[in-house]
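Report on one structure; see the data block that follows.
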Amino acid sequence: MPKSDRKDAKPERKLLPLFLDLNSKRTVIFGGGCVGERKARLFSNYTQVEVVSLDFTPGLEEMRNDLELIHADLLQGFEKYLQDAFIVIPATNDSKLNQSIEIEASKRGILVNRVDGIADVVVPSLIRKDPITIAVSTESPALSKYIRLQLERELTGNYQAMAQLLSDIRPELKRSISLQKERARIIWEILEDEAVWSLLDISYEKAYMRARSHVCLDERDSLDAGDTQESLH
């Protein structure tokens, strides 16, 4: 029977994709096993991480310079480690303990990332090509990974250089154009200019000047007069 036809089906959870600045936030991982290590390797790139456990994997021991390891018997109490936490990850090998940690964290308004299901925080499958980040999330982690791999194969264009170009040209655009709507139109015009994309593969400086000509029309006339269409492509 399809899930939507079941009378006892739980309401679908609507998750809003967000990018958060966690640099000054604190994430606490309960459990020092392989799952805790995997979570620590991810979250320590973005936030302050503490791992609380009786034992730690060799991988976690090697990460001591990047996070804090706290030796503690969680069966004797875990509540004090929740203080000032922004995200909590229950990753012990005791499902009842994980559930207790999740319940207590939720009572305190702390976000929870579960290792065996959906909670407040769901970690997507990520494509990182700085300054570009693409996140993919589905109910199936395998499908998310498959989609990510497909997208990585498709992203063959010089998107990173274009992202840098738009970032570099934005200050001048703000100085020259007061209306946000007009600035948005020019940005889109640059993105649709095939000559800019082609020049990015040859010379960033030439691509920048071509993009800049969309901001300063007098320079566009000069640029077009000096370059033939063939030379731009």
Side-chain angles (χ1 to χ4, degrees), residues 15-95 97-138 140-149 151-152 155 160 163-164 167:
L15 302 177
L16 176 64
L18 295 173
F19 287 94
L20 299 176
D21 181 1
L22 300 177
N23 187 55
S24 60
K25 305 297 183 182
R26 180 168 161 264
T27 295
V28 181
I29 301 172
F30 292 95
C34 293
V35 177
E37 179 185 335
R38 176 167 55 83
K39 292 290 186 178
R41 289 190 182 280
L42 172 64
F43 278 85
S44 61
N45 291 318
Y46 303 92
T47 181
Q48 303 169 21
V49 171
E50 294 179 5
V51 183
V52 187
S53 180
L54 265 179
D55 302 292
F56 305 98
T57 64
L60 281 170
E61 294 284 0
E62 293 174 359
M63 296 173 65
R64 280 186 176 274
N65 293 334
D66 301 318
L67 47 78
E68 183 177 358
L69 301 182
I70 300 175
H71 186 271
D73 183 355
L74 296 174
L75 294 177
Q76 300 302 315
F78 59 82
E79 289 80 3
K80 67 179 181 179
Y81 303 109
L82 296 173
Q83 186 174 352
D84 297 326
F86 185 73
I87 297 176
V88 159
I89 305 175
T92 75
N93 57 6
D94 185 330
S95 59
L97 177 58
N98 287 342
Q99 185 177 29
S100 297
I101 293 171
E102 179 178 352
I103 291 172
E104 186 60 33
S106 296
K107 286 180 181 177
R108 302 184 183 205
I110 301 171
L111 298 177
V112 176
N113 172 232
R114 294 180 62 183
V115 299
D116 58 353
I118 296 177
D120 305 308
V121 177
V122 175
V123 178
S125 188
L126 294 174
I127 300 173
R128 292 294 304 270
K129 294 187 177 182
D130 289 334
I132 298 170
T133 301
I134 299 174
V136 180
S137 180
T138 72
S140 167
L143 178 58
S144 296
K145 181 178 180 180
Y146 178 81
I147 295 173
R148 173 177 62 80
L149 293 174
L151 287 173
E152 286 180 333
L155 290 175
Q160 289 173 281
Q164 184 61 54
S167 177

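If you're wondering where the values come from, they're calculated on a predicted model, not measured in any experiment.
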**Q.** Side-chain donor or acceptor of Ser106 paired with backbone N/O of Glu102 under 3.5 Å
**A.** yes

**Q.** Any donor-acceptor N/O pair, Asn113 side chain to Ile89 backbone, under 3.5 Å
**A.** no

Q: Pick out which of Phe43, Tyr46, Phe86 makes a side-chain contact (heavy atoms from CB on, under 4.5 Å) with Lys25.
A: Phe86

Value rounded to 0.5 Å, distance of [atom1] in [X] from [atom2] in [Y]:
X: Asp120; Y: Ile110; atom1: CG; atom2: CD1; result: 10.5 Å
X: Ile87; Y: Ile29; atom1: CD1; atom2: CD1; result: 10.0 Å
X: Glu79; Y: Leu74; atom1: CD; atom2: CG; result: 10.0 Å
X: Lys129; Y: Thr133; atom1: NZ; atom2: OG1; result: 12.0 Å
X: Phe56; Y: Leu69; atom1: CZ; atom2: CG; result: 4.5 Å
X: Ile134; Y: Ile127; atom1: CD1; atom2: CD1; result: 4.5 Å

**Q.** Whether over 12 other heavy atoms sit under 6.0 Å from Gln160 CD
**A.** yes

Indicate yes or no: at least one non-hydrogen side-chain atom of [X] is less than 4.5 angstrom from one of [Y].
X: Ser125; Y: Ile147; answer: no
X: Arg38; Y: Val35; answer: yes
X: Thr27; Y: Glu50; answer: no
X: Leu75; Y: Asp94; answer: yes
X: Asn98; Y: Arg114; answer: no

What's the shortest heavy-atom distance between [X] and [Y], and which atoms?
X: Ala72; Y: Val52; value: CB-CG1, 3.8 Å
X: Thr57; Y: Cys34; value: CG2-N, 3.7 Å
X: Gly32; Y: Leu60; value: O-CD1, 3.3 Å
X: Val122; Y: Ser137; value: CG1-OG, 4.0 Å
X: Gly31; Y: Ser53; value: C-CB, 3.9 Å
X: Leu126; Y: Arg148; value: O-CD, 3.0 Å

Q | Working for side-chain contact (heavy atoms from CB on, under 4.5 Å), residues Glu68 and Arg26 | A | CA-CA 11 Å; Glu68 183 177 358; Arg26 180 168 161 264; over 6 Å; no

Q) Is there a donor-acceptor contact under 3.5 Å linking the side chains of Ser144 and Thr138? A) yes

Q) Could you walk me through whether Leu82 and Phe30 pass the side-chain contact (heavy atoms from CB on, under 4.5 Å) check? A) CA-CA 10 Å; Leu82 296 173; Phe30 292 95; 3.8 Å; yes

